[in-house]
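What's counted below: heavy atoms across the whole structure, side chains too, no hydrogens, waters or symmetry copies. Letters A, B, ... are given to chains in the order of the sequence lines, protein chains preceding strands, and every chain is numbered from 1.
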2 protein chains.
Amino acid sequence: MKTMSEEISNCNHKDHDKNSYCVSIVPIFNHLDAAELKEIVRTARSVSYPRGQMIYRPGELSDGLYIVHKGSLRIFRESSGGKEQLVRILGPGEFSGESALFNESVHDAYAEALEPLELCMIGRESMQTFLLKYPQIALKMLAEFSSRLATSEEQAARIAMETVETRVALYLAGQVEAWKNTCIKLPMRRKDLASHLGTTPETISRKLADFEAAGWIRQTGQRDIEVIDLDALLLV
Amino acid sequence: MKTMSEEISNCNHKDHDKNSYCVSIVPIFNHLDAAELKEIVRTARSVSYPRGQMIYRPGELSDGLYIVHKGSLRIFRESSGGKEQLVRILGPGEFSGESALFNESVHDAYAEALEPLELCMIGRESMQTFLLKYPQIALKMLAEFSSRLATSEEQAARIAMETVETRVALYLAGQVEAWKNTCIKLPMRRKDLASHLGTTPETISRKLADFEAAGWIRQTGQRDIEVIDLDALLLV
DNA sequence: TCGAGTCCTTGATGCCGCTCAAGTTTCGAT
DNA sequence: ATCGAAACTTGAGCGGCATCAAGGACTCGA
């Protein structure tokens, strides 16, 4: 394979130790065989961002699909009044930029690097080609979208109908499930958690303090929480 | 084509006058040629519901994809406390049931007929087959999902960050755009509009009354509103 | 290791919007 | 056309939560 260096120049995200391409960790691609993966990798570009830098902003033209290789980023929206709402945090293997891929070609949210970040970028046209050539990719992407849609609608419903207390409790329950452990580490600061749950950092602090006073949780570090009584929490 | 009666028995939604199948009005299918359409129609089943009847409920197994042929239905979720939030209203040509198609096989919301309703149903397996056979369908569906996702995230952000007044104003602005006219007809009752915007019917009434008092709108009928000063409305 | 900046906590205050209630209008079925 | 039920409006009261403010804790880079 003389293309080794070529791959590197296009997308240097080949993990030499694990012999895997950046895209191979992505669920929507991981059913492809090595040759197909390489075809995709060849069209991918690699980009790095320092902590805090914006990857894109609302109104900017879309380049294509962004796949996180290392680090993490947050997607957020901004209201007329300047408040922001965190939509989602992306870790390795997750992707973004899709809204601009299929409909309008401009982004509708902000994407900001939370840590030193490495992305793989697949151009709009390449992506369309792959989707037609390998319909399985489209199917996986449909599944992913469908899942995101369900999450987003559930989120909207929660913010619309539940009290802040319930939302915080439900979030903690979700984290316990995600970590498969009653000791959880919040993946973001209060400010982002607040904007995600549609409240303020102050209220988050207060509610967590209330839960602790009730003996349902224990706050060990700023972002470390041990859930003691999950059932009580969900009865709020 | 001896299949005429067969089509009818499977899906009686052939509009004799317009020579179009129920599925041909659906954006995700309307690029197919007649033969392909017929192939899909053949696998579709037709179902009717009287006003007020539930098409599905959360937890029920998914049958497949529901396509609205005549009438309309509303999708809504229910909170622990029994409050409901309207997610979306579907009219002819729109579809639902997708969340159950790709991920879990159970529904996560309610679907209820708002008027006498006729649906086309395409089974889960058939749908998967079509998606692989005609990747263009998958691409259109991805575009539709992506658009719904953007809408849903925007909705969540609005409920989380904007005041009720702003949300009502933005909703009216959206309707003006949808109707391409400053005289609009609300597509739902106060109760549903309220649950859609994350508020109560009383508050909707009050805000509309405020807007009218300010001279920005005129309420001509219960659901008929004339927007007089759109700019002022958006400055709220 | 240290210091500055950021993040978090806790308190006091005020208001937006929900709730409950009662009266009025509209809708839809017979 | 008429009646009953459902939907809408308006009012009064209150509570949850945002806001503003100040002090304390943590983090990260030098």
Checklist entry - Should A:Tyr56 and A:Ser96 be marked as a side chain to side chain donor-acceptor pair (under 3.5 Å) after you check the CA-CA gap, both sets of side-chain angles, and the distance that decides it? => result CA-CA 11 Å; A:Tyr56 56 74; A:Ser96 171; 2.7 Å; yes
Checklist entry - Which is it for B:Glu144 and B:Phe95 under the side chain to side chain contact (heavy atoms under 4.5 Å, CB included) test, yes or no, and what are the steps along the way? => result CA-CA 10 Å; B:Glu144 169 69 20; B:Phe95 63 87; 3.5 Å; yes
Checklist entry - Passes salt bridge (charged side-chain N to carboxylate O under 4.0 Å, His left out), B:Arg77 versus A:Glu153? Steps please. => result CA-CA 9 Å; B:Arg77 290 164 173 269; A:Glu153 286 178 353; 3.8 Å; yes
Item to check | side chain to side chain contact (heavy atoms under 4.5 Å, CB included) assessment of B:Tyr49 paired with B:Leu119 | outcome: CA-CA 8 Å; B:Tyr49 298 86; B:Leu119 297 180; 3.6 Å; yes
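Within the structure, salt bridge (charged side-chain N to carboxylate O under 4.0 Å, His left out) pairs that include any residue of residues 52-66 of chain B do not occur (at least two apart or interchain).
Using a 4.0 Å cut-off between a side-chain N of Lys or Arg and a carboxylate O of Asp or Glu, A:Arg206 and A:Glu202 do not qualify as a salt bridge.
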Pair up each side-chain donor or acceptor in residues 207-214 of chain A with any protein partner under 3.5 Å, not counting sequence neighbours, and list the distances.
| unit_1 | atom_1 | unit_2 | atom_2 | d |
| --- | --- | --- | --- | --- |
| A:Glu212 | OE1 | A:Gln219 | NE2 | 3.2 |
| A:Glu212 | OE2 | A:Gln219 | N | 3.1 |

Please set out all donor-acceptor pairs under 3.5 angstrom arising from side-chain atoms of residues 172-179 of chain A, sequence neighbours excluded.
| unit_1 | atom_1 | unit_2 | atom_2 | d |
| --- | --- | --- | --- | --- |
| A:Gln175 | OE1 | A:Trp179 | NE1 | 3.0 |
| A:Gln175 | NE2 | A:Tyr171 | OH | 3.3 |

Atom pairs and distances, donor-acceptor, side-chain atoms in residues 161-170 of chain B, under 3.5 Å, two or more places apart:
| unit_1 | atom_1 | unit_2 | atom_2 | d |
| --- | --- | --- | --- | --- |
| B:Glu162 | OE1 | A:Ser80 | OG | 3.3 |
| B:Glu162 | OE2 | A:Ser80 | OG | 3.3 |
| B:Thr163 | OG1 | B:Thr166 | N | 3.2 |
| B:Thr163 | OG1 | B:Thr166 | OG1 | 3.0 |
| B:Arg167 | NE | B:Glu162 | O | 3.3 |
| B:Arg167 | NH1 | B:Leu197 | O | 2.6 |
| B:Arg167 | NH1 | B:Gly198 | O | 3.3 |
| B:Arg167 | NH2 | B:Glu162 | O | 3.4 |

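Between B:Ile89 and B:Met188 there is a side-chain heavy-atom pair separated by less than 4.5 Å.
Residue A:Leu117 holds its CG atom at 5.0 Å from CD1 of A:Ile55, rounded to the nearest 0.5 Å. To the nearest 0.5 Å, atoms OG1 (A:Thr203) and CG (A:Leu193) are separated by 11.5 Å.
For the segment residues 215-224 of chain A, residues with any heavy atom less than 4.0 angstrom from an atom of DNA chain C are, sorted by number, A:Gln219, A:Gln222. Taken residue by residue, residues 225-236 of chain A places no heavy atom nearer than 4.0 Å to DNA chain C. Within residues 181-194 of chain B, the residues having any heavy atom under 4.0 Å from DNA chain D are, by residue number, B:Arg189, B:Arg190, B:Lys191.
For the pair A:Arg88 (side chain) and A:Phe76 (backbone), a donor-acceptor distance under 3.5 Å is absent. Formation of a donor-acceptor pair under 3.5 Å by the B:Glu94 side chain with backbone atoms of B:Gly91 is found in this model. Using modelled atom types, no side-chain atom of B:Thr199 and backbone atom of B:Ala194 make a donor-acceptor pair closer than 3.5 Å.
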Item to check | Nucleic acid footprint by protein, nucleotides 10-21 of chain D - heavy-atom cut-off 4.0 Å, B for base, S for sugar-phosphate alone | outcome: BBB----SSBB-
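For A:Ala232, the side-chain contact (heavy atoms from CB on, under 4.5 Å) test picks out A:Trp216, A:Asp229, with sequence neighbours left out. With sequence neighbours excluded, the residues that form a side-chain contact (heavy atoms from CB on, under 4.5 Å) with B:Glu115 are B:Ser72.
From the 5' end on, the contacts that DNA chain C makes with chain B at under 4.0 Å to a non-hydrogen atom open and close at C:dG17 to C:dG28.
Overall bending of the helix from C:dT1-D:dA30 to C:dT30-D:dA1, expressed as the angle between end axes built from five pairs apiece, is 70° (10° steps).
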